[in-house]
Structure formats: C-alpha cells, structure tokens
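Notes follow once the structure below has been shown.
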Amino acid sequence: MDDKTIRRSREEKRPLAEVTQQWTDKFHADCAALNCLPPHVEPTATGHICEQVDMIAQLEKKGHAYRAADGSVYFKVASFPEYGRLSHLKERELKLGTSLKPQTADADEKEDGSDFALWKAHKPDDGDVGWESPWGRGRPGWHIECSAMSKKHLGETIDLHTGGVDLLFPHHENEIAQSECCNGATFSKHWYHSEHLLVDGKKMSKSLGNLYTLDDLRAKGHTPMELRYTLLAGHPRKQLNFTLDSLHAAQKALATLRAYRATLPASGGDAAIFAPVFAALSDDLNTPGALGALFTIVNRGNAGVDLPAFDRVLFALGLKLDEPAAPKAEAPAEVVALAEQRWAAKKAKDFASADRLRGELAAAGWTMLDRKDGYSLEPAKKA
RNA sequence: GGCGCGGUAGCCAAGUGGUAAGGCCGAGGUCUGCAAAACCUCUAUGCGUCGGUUCAAUUCCGACCCGCGCCUCCA
C-alpha cells in the first residue's frame with residue numbers, strides 16, 4: 001500500500017489488488033522453485049484494515065498517538081522510553097552535515113521528527129485507494145500492518161521475529177513500539193537479522209542495477225537449487241558476495257551429492273552419523289558449517305550411511321537433487337544424423353572416423369557424450 | 001558523525017587459546033579407444049596491519065587501515 005504501488009496501479013489503470021497479486025504470484029512461484037516450505041498463513045495488509053484501525057485507536061486512547069491537522073495519525077515516540085533499544089539507538093543521534101536525507105514531506109505535521117505515521121490521510125494521489133476510519137478516509141501507515149497481523153495470527157508475544165538487517169531500523173523498532181504500547185506485553189522474545197546479499201560488492205538493488213531474478217539465472221542455464229545451495233554456503237548473518245561463479249561451484253557440489261546419494265543403501269545406516277550437520281544448523285543456523293560437516297562425511301564414503309538418513313539431511317537443508325543440472329536441448333535432425341554416424345563408426349572401431357565426426361559435431365555446436373549403451377547430445381559449452 | 005556487520009588459500013567459506021572444516025578452480029593419477037562423467041591424491045607455517053596479554057593467539061585486549069549496511073514513511 002505504498003505510494004509507488006498506488007502510482008503504478010493508477011498509471012496502468014488496474015486495481016491495486018490486481019497489481020499486488022501479480023507480484024504475489026511471482027513470489028510464490030519463486031519460493032516453490034527454491035523449495036521453500038509455504039507459510040501456514042500469509043496475511044495481507046489490505047485484508048486486515050479493521051485490525052489495524054483497532055490497534056491505532058487503542059494507541060490513541062492510551063496516549064501513544066495523536067492526530068495531525070491533515071487527519072493523519074502519528075505515533076508519539078516520546079511516549080515509549082524503550083524506543084531504540086533493539087537498534088542501540090539511545091536517542092536521536094543524527095548528526096547534521098553527513099548523509100542526512102532531506103526532511104520528509106510530512107515533517108510539518110509531526111510533533112517530533114522521530115514520530116511515524118500510523119494512519120495516513122487520503123490525498124488526491126491515492127486515487128480510489130482508501131478506507132473509512134475514525135480519522136476519516138485514508139490508509140494505514142506501513143509499520144502497523146505487521147503489528148496488527150502478528151497479534152491476530154500469533155498472539156501478543158511471539159518467540160522469534162526475523163528479517164533483513166535493513167529492517168532493523170526503523171521498521172522493527174516501530175513494530176515494537178506499536179505492539180508493546182498497545183498490548184502492554186513483550187512483542188518478540190528473540191530477533192534474528194540476516195545480512196544482505198551483495199552483488200558486485202554492493203547491496204543488490206534495483207536502483208544499482210546489480211540485480212538478478214531467478215528467471216535471469218535460469219536463462220543462464222542455472223537452476224534454482226544451485227541458487228539455494230549458494231545461499232546456504234554463506235552464513236545468514238554475514239554478507240554474501242554473490243557471483244555467477246559461485247553458482248558453478250554449487251552445481252558441482254550438488255552433482256557430487258547426487259552421485260553420492262546413488263551409492264547409498266535403502267537401510268542399515270546409522271542416523272547419528274549426521275549429528276554434526278544438525279549440530280551446526282542448531283548453532284545459530286550455521287549453514288556453511290553444516291555443509292562442511294556434510295561433505296566431511298561424504299568424503300569418508302558411504303559406510304554407515306543409508307538413504308533415509310541422508311535424505312533427512314537434504315530435507316533439513318531444503319535441497320532437492322532430482323533436478324536435472326540443465327534443461328535438455330533437442331538436437332536438430334542433421335546433428336542427430338552425425339551422431340548416429342559417429343556411434344556406428346565407434347561400434348565398428350573406426351576411431352579415426354569417430355574422432356572426425358566428434359569434431360564436426362563440435363563445429364556444429366554440440367557435444368556428444370558416450371555411455372556404455374548409448375550417447376547423449378548437449379549444446380557445447382560456450383567458451 | 002552515530003549504530004551495526006565483515007576482512008581466513010586464486011575464488012567462496014566454517015572455525016578454535018594449543019598450532020587452520022568444507023566447496024570451486026588448478027595439478028597429478030585410476031578408468032573408459034578419444035572426450036565427458038565418476039573416483040583417488042595433492043594444494044594456507046598462514047587467518048587485514050601494528051602493538052599488548054599468555055608457556056602458547058588466527059582465536060583475548062588495544063590502536064589503526066580497508067569493505068559493506070542502516071540512520072525514518074521506499075516497503
């Protein structure tokens with residue numbers, strides 16, 4: 001429900017819900033491809049307007065919020081002494097003259113610069129996006145949805161709240177302020193912030209143009225599993241500099257695991273052999289450590305390991321090995337004809353012809369892979 | 001300027017007060033006519049720099065250098 005999405009909806013003359021649904025669908029497809037388990041509940045901000053309004057009303061009643069002249073409602077940060085604890089911000093410590101951004105448009109409406117919007121009054125740019133409320137027509141501020149939906153679906157206090165470090169301030173700080181002031185209870189017992197994925201040494205972002213979508217990677221011949229493995233190879237709490245090279249490393253590592261899995265018996269193993277892997281995962285989600293432990297075991301051979309135990313590890317890591325490394329390409333008829341000739345020549349032990357035909361195939365852009373009982377054709381790797 | 005994360009082999013990356021997991025690349029080998037695949041072996045006296053503590057530091061402490069992120073309505 002942010003300005004940008006509303007603007008896009010108006011420009012394309014499509015309902016807001018349709019625009020957001022398009023991205024939601026894309027997100028779901030990518031998550032599925034990456035083998036992420038779907039959440040039990042996926043609430044939407046627009047589906048919880050009442051809950052948000054209710055929460056804002058309570059905050060106002062308890063003196064944590066105030067109405068501005070234009071009909072917007074702001075959270076009064078000064079009313080919550082704990083504010084800033086999560087991000088170690090004792091007080092507003094912004095120093096002028098460095099990277100301070102220009103004052104926001106609603107600066108005049110707020111009593112204090114650190115206050116933030118709970119409810120934004122409707123303005124012409126919003127078009128038909130808006131809901132009626134005790135404060136008039138408008139829409140919720142962008143932090144309150146999380147507080148309201150979390151309360152409704154998970155209760156006043158949750159065990160763990162996760163997110164990227166960029167959300168630490170102000171978003172999570174504001175969530176805490178809203179929820180704790182409204183409910184009078186601890187919002188989240190634990191926080192886990194993941195670091196950024198870096199591309200070319202910078203935070204991946206649309207504005208920098210150093211952004212890859214899953215489809216981009218697929219177009220380059222990589223699989224979603226390779227991406228998943230690559231992300232697993234870095235600690236979630238450390239920045240990971242993503243490179244296309246790392247996808248290649250992932251591809252090889254997955255192939256090794258796939259080949260190893262094929263050697264495993266259906267039963268008779270000792271599940272405890274993988275304890276180090278789970279120990280690493282249990283230790284602050286140390287996924288690189290877990291992969292290291294996994295390969296240490298793999299390198300020792302398959303003694304004591306069976307399929308069910310190995311598959312439990314794969315499940316825990318969310319890795320699926322049954323995916324082909326690259327999409328199969330259909331060779332043109334003339335290429336197949338060459339391949340048939342070479343296979344026949346090879347069978348006849350006419351190796352000179354066979355080698356010549358391999359060369360011709362290569363010139364045509366195809367690599368012929370021999371097996372015991374047949375061959376396959378793959379597009380030649382580009383140099 | 002404030003707050004936070006990080007600097008470990010060519011690349012990616014764990015980790016510990018007692019002398020460096022793992023993956024990729026590379027090299028050698030086994031096996032296949034060749035190629036590919038698979039498998040085996042090898043590859044950091046060293047963990048940003050300089051000091052300090054210690055019998056012992058990459059691991060603790062201090063200073064410094066470098067990279068990245070956040071610092072308010074973009075979610």
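- For the residue pair A:Y74 / A:E60, no side-chain donor-acceptor distance below 3.5 Å is found, with atom types taken as modelled.
- Within the 4.0 angstrom heavy-atom criterion, no nucleotide atom of any strand lies near A:R356.
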> What pattern of brackets, bars and dots sums up RNA chain B from 5' to 3', given Watson-Crick or G-U wobble pairs under 3.5 Å, [ ] for crossing pairs and | for another strand?
Replying inline: (((((((..(((.....[...))).(((((.......))))).....(((((..]....))))))))))))....
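- A sub-4.0 Å separation between OP1 or OP2 of B:G15 and a side-chain N or O of A:N286 is present.
- Comparing B:C24 with B:C31, their C1' atoms are spaced 24 Å from each other, to the whole Å.
- If you check distances only, the side chain of A:E195 never reaches the base of B:C5 with a donor-acceptor pair under 3.5 Å.
- For A:N302, the side-chain contact (heavy atoms from CB on, under 4.5 Å) partners at least two apart in sequence or on another chain are A:Y260, A:T263, A:L264.
- Between the base of B:G69 and the side chain of A:R237 there is no donor-acceptor pair shorter than 3.5 Å.
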> What is the per-nucleotide protein-contact pattern of nucleotides 23-32 of chain B, from the 5' end, where B denotes a base atom under 4.0 Å from a protein heavy atom, S denotes such proximity for sugar-phosphate atoms only, and - denotes neither?
Replying inline: SSS-------
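- A:H196 has its NE2 atom 13 Å from the C1' atom of B:A75, to the nearest Å.
- Applying the 3.5 Å distance criterion, the base of B:C34 shares a donor-acceptor pair with the side chain of A:D370.
- Side-chain atoms of A:A259 lie closest to B:A38 of the nucleotides B:A38, B:A13, B:A75.
- Between the side chain of A:R342 and the backbone N or O of A:R358 there is no donor-acceptor pair closer than 3.5 Å.
- Summarising the geometry, atom OG1 belonging to A:T24 is positioned 9.5 Å from atom CD belonging to A:Q22; distances are rounded to the nearest 0.5 Å.
- Taking atom C1' in both B:U8 and B:A57, the straight-line distance is 14 Å, to the nearest Å.
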